[in-house]
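Here's the structure, in structure tokens; my notes come after.
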Amino acid sequence: MDVSIVIVCMNRMDNLYPCLESLRRHTDCSLEYETFVVAYLFDKANLARATKDFPWVKFIESNEIRGFAENNNLALRQAGGRYTFVLNDDTELHEDVIGKLVRDLEELPQNAAIVCPTLLNADGSLQLCGRPEFQAYKYLLQQFHLYSEPIDSAYGKGLAESKSISGAAFLIKTEVFRKLGWFDERYFFTPEDMALARLARVEGYTVWADSEISLIHKWRTTASRMMSATRPAAVRGSLIYFSEWKRPCRPFEAEGEAIIRGWRHRFRYFLLASGVWVAEMAKNLKASLVCLFDRSEQNRLKLLTFKHICASIFTHKTPKEIFSKYYSELRNTR
């Protein structure tokens with residue numbers, strides 16, 4: 001098997017069907033593929049229809065609360081390809097992205113582990129091409145709208161080394177992915193992609209992006225009322241990631257060193273979380289004022305989301321526990 005394709009879909013047929021159809025049209029017949037779709041919280045009718053319409057896809061039912069990392073890992077542990085292509089369901093291919101990325105990896109040095117295509121918005125404009133290292137202070141500035149992540153760090157350079165990746169689409173050597181332990185399941189929705197890239201680099205591998213290979217990622221058009229559950233979990237996961245000590249633990253690290261590392265992590269988390277809490281409280285206040293004059297569904301959703309984020313920043317709950325709590329509340333209010 002050459003390539004294992006892994007897609008997670010949360011019962012969104014409007015995303016899944018165009019994605020799979022584009023895969024069927026734009027795959028290199030000279031390569032042998034297997035395609036997994038993790039059917040996350042699918043209703044039975046949708047699962048039956050998709051299974052019938054795409055007999056070449058291996059559907060894996062996922063009916064418990066799981067995040068992006070955990071759902072992907074259900075399929076990744078079954079992957080038999082030399083390479084694994086992780087793909088969001090809200091993407092569409094317009095060229096042989098996978099075949100070209102495979103050729104990239106085969107031409108790169110032996111320690112190259114991951115290569116990403118360029119991501120385009122639905123209108124064809126540039127969304128992301130390569131990712132620089134995203135540091136904690138930049139994440140904090142971003143919450144105050146004082147920093148924007150560069151979208152073109154590798155654009156126009158052809159095949160160029162990058163620091164990080166987007167989980168929307170990337171090709172990785174399956175053997176390396178397995179060695180790294182697949183996705184880190186501590187992160188529920190984000191930033192498991194950046195955590196994977198950072199771990200790969202720590203282990204001596206390199207990450208690449210190709211500006212001449214692209215696909216469509218419709219992420220701005222697929223948001224839903226679930227943001228009041230997903231966003232708090234994402235913020236909590238990001239705070240955990242950015243406050244971590246980047247140097248990995250040594251196998252025989254002394255107990256005293258481990259204790260100091262733990263206190264440093266807590267201190268970094270407190271400093272970063274305090275700044276993010278101030279930013280989210282400001283957004284919460286603004287949303288409250290807007291709702292006084294306009295109680296539209298969109299404005300009320302924003303207010304609820306900011307309230308949930310503020311309540312989740314200093315909690316001891318995991319991102320998964322946070323999502324489960326607010327997802328249950330959403331279901332009870334329907």
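Counting begins at 1 with the first residue of the sequence. Just so we're clear, the structure is a prediction, and the values are computed from it rather than from any experiment.
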4.5 Å side-chain heavy-atom contact, [X] and [Y]:
X: Glu244; Y: His265; value: yes
X: Leu215; Y: Leu119; value: yes
X: Ser164; Y: Asp193; value: no
X: Ile7; Y: Leu20; value: yes
X: Lys218; Y: Gln127; value: no
X: Leu23; Y: Leu93; value: yes
X: Gln142; Y: Lys138; value: no
X: Tyr241; Y: Arg198; value: yes

Give, for atom [atom1] of [X] and atom [atom2] of [Y], the distance between the pair rounded to the nearest 0.5 Å.
X: Ile114; Y: Ser162; atom1: CD1; atom2: OG; answer: 10.0 Å
X: Thr174; Y: Asp2; atom1: OG1; atom2: CG; answer: 10.5 Å
X: Leu171; Y: Trp208; atom1: CG; atom2: CH2; answer: 14.5 Å
X: Asn11; Y: Cys9; atom1: CG; atom2: SG; answer: 7.0 Å
X: Glu32; Y: Ser4; atom1: CD; atom2: OG; answer: 9.5 Å
X: Ile172; Y: Leu101; atom1: CD1; atom2: CG; answer: 12.5 Å

Please check if [X] and [Y] belong to a single hydrophobic cluster, counting links between Ile, Leu, Val, Met, Phe, Trp and Tyr side chain heavy atoms closer than 4.5 Å.
X: Met281; Y: Val235; answer: yes
X: Tyr205; Y: Val102; answer: no
X: Leu41; Y: Val57; answer: no
X: Val3; Y: Met1; answer: no
X: Tyr147; Y: Phe144; answer: yes

Do other residues, nucleotides or ligands put more than 12 heavy atoms under 6.0 Å from [X] [atom1]?
X: Phe267; atom1: CZ; answer: no
X: Trp277; atom1: CH2; answer: no
X: Lys307; atom1: NZ; answer: no

(message) Tell me every residue that passes ring pair (Phe, Tyr, Trp, His ring centres under 6.0 Å) with Phe188, counting only those two or more places apart in sequence or in another chain.
(response)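 With sequence neighbours excluded, Phe188 shows a ring pair (Phe, Tyr, Trp, His ring centres under 6.0 Å) to Phe323, given in chain and number order.
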
(message) Just to verify, what does Asn73 make a side chain to side chain donor-acceptor pair (under 3.5 Å) with, not counting sequence neighbours?
(response) Glu185

Under a 3.5 Å distance rule, please check whether [X] uses its side chain to pair with a backbone N or O of [Y] as donor and acceptor.
X: Ser243; Y: Arg268; answer: no
X: Glu34; Y: Gly80; answer: yes
X: Glu192; Y: Thr190; answer: yes
X: Asn88; Y: Thr91; answer: no
X: Ser153; Y: Gly130; answer: yes

(request) Identify the residue among Val115, Leu159, Ile213, Asp28 that makes a side-chain contact (heavy atoms from CB on, under 4.5 Å) with Lys100. (result)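 Only one of Val115, Leu159, Ile213, Asp28 forms a side-chain contact (heavy atoms from CB on, under 4.5 Å) with Lys100, namely Ile213.
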
Ignoring hydrogens, what is the shortest heavy-atom contact between [X] and [Y]? Give both atom names and the distance.
X: Ala39; Y: Leu47; result: CB-CD1, 3.9 Å
X: Ser214; Y: Glu95; result: N-OE2, 2.9 Å
X: Asn121; Y: Ile216; result: O-CD1, 3.4 Å
X: Leu120; Y: Leu126; result: CD2-CA, 4.0 Å
X: Pro232; Y: Ile322; result: CB-CG2, 3.8 Å
X: Lys157; Y: Ser211; result: N-OG, 3.6 Å

Using distance only, find each side-chain donor-acceptor pair of residues 309-316 under 3.5 Å and give its atom names and separation, not counting sequence neighbours.
residue, atom, partner, partner atom, Å
Ser312, OG, His308, O, 2.7
Thr315, OG1, Lys317, N, 3.1

Let me have the donor-acceptor pairs involving side chains of residues 298-306, under 3.5 Å, with sequence neighbours excluded, atom names and distances please.
residue, atom, partner, partner atom, Å
Asn299, ND2, Asp294, O, 3.2
Asn299, ND2, Asp294, OD2, 3.2
Asn299, ND2, Ser296, OG, 3.2
Arg300, NE, Arg295, O, 3.1
Arg300, NH2, Glu297, OE1, 2.9
Thr305, OG1, Leu301, O, 2.8

(message) Checking Arg103 against Asp96 for the side chain to side chain contact (heavy atoms under 4.5 Å, CB included) test, could you report, in this order, the C-alpha distance in whole Å, the side-chain angles of both residues, the deciding distance, and whether it holds?
(response) CA-CA 11 Å; Arg103 288 190 285 276; Asp96 179 24; 4.0 Å; yes

(message) So that I can tick it off, tell me whether Glu64 and Arg66 are bridged by a salt bridge, with the cut-off set at under 4.0 angstrom between side-chain N and carboxylate O.
(response) yes

(message) Could you check whether Glu106 pairs with Arg82 (Lys NZ or Arg NE/NH1/NH2 to Asp/Glu carboxylate O, under 4.0 Å)?
(response)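 A salt bridge links Glu106 with Arg82.
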
(request) Evaluate side chain to side chain contact (heavy atoms under 4.5 Å, CB included) for Lys173 paired with Lys179, printing each intermediate quantity in order. (result) CA-CA 10 Å; Lys173 293 177 179 176; Lys179 179 181 177 181; over 6 Å; no

(request) Let me see the working for Val8 and Asp89 under side chain to side chain contact (heavy atoms under 4.5 Å, CB included), right down to the final yes or no. (result) CA-CA 6 Å; Val8 174; Asp89 65 333; over 6 Å; no

(request) Test Glu175 against Arg178 for salt bridge (Lys or Arg N to Asp or Glu O under 4.0 Å), laying out the working first. (result) CA-CA 5 Å; Glu175 180 183 355; Arg178 185 179 293 110; over 6 Å; no

(message) Is there a side chain to side chain contact (heavy atoms under 4.5 Å, CB included) between Arg131 and Met194? Walk through the geometry before answering.
(response) CA-CA 9 Å; Arg131 299 185 78 173; Met194 290 190 288; 3.9 Å; yes

(request) Would you mind listing every ring-ring contact (aromatic ring centres under 6.0 Å, His included) that reaches into residues 65-87, with sequence neighbours excluded? (result) Phe68-Phe183

(message) Give me each pair satisfying ring-ring contact (aromatic ring centres under 6.0 Å, His included) with a member in residues 8-50, each pair once, sequence neighbours excluded.
(response) Tyr17-Phe54

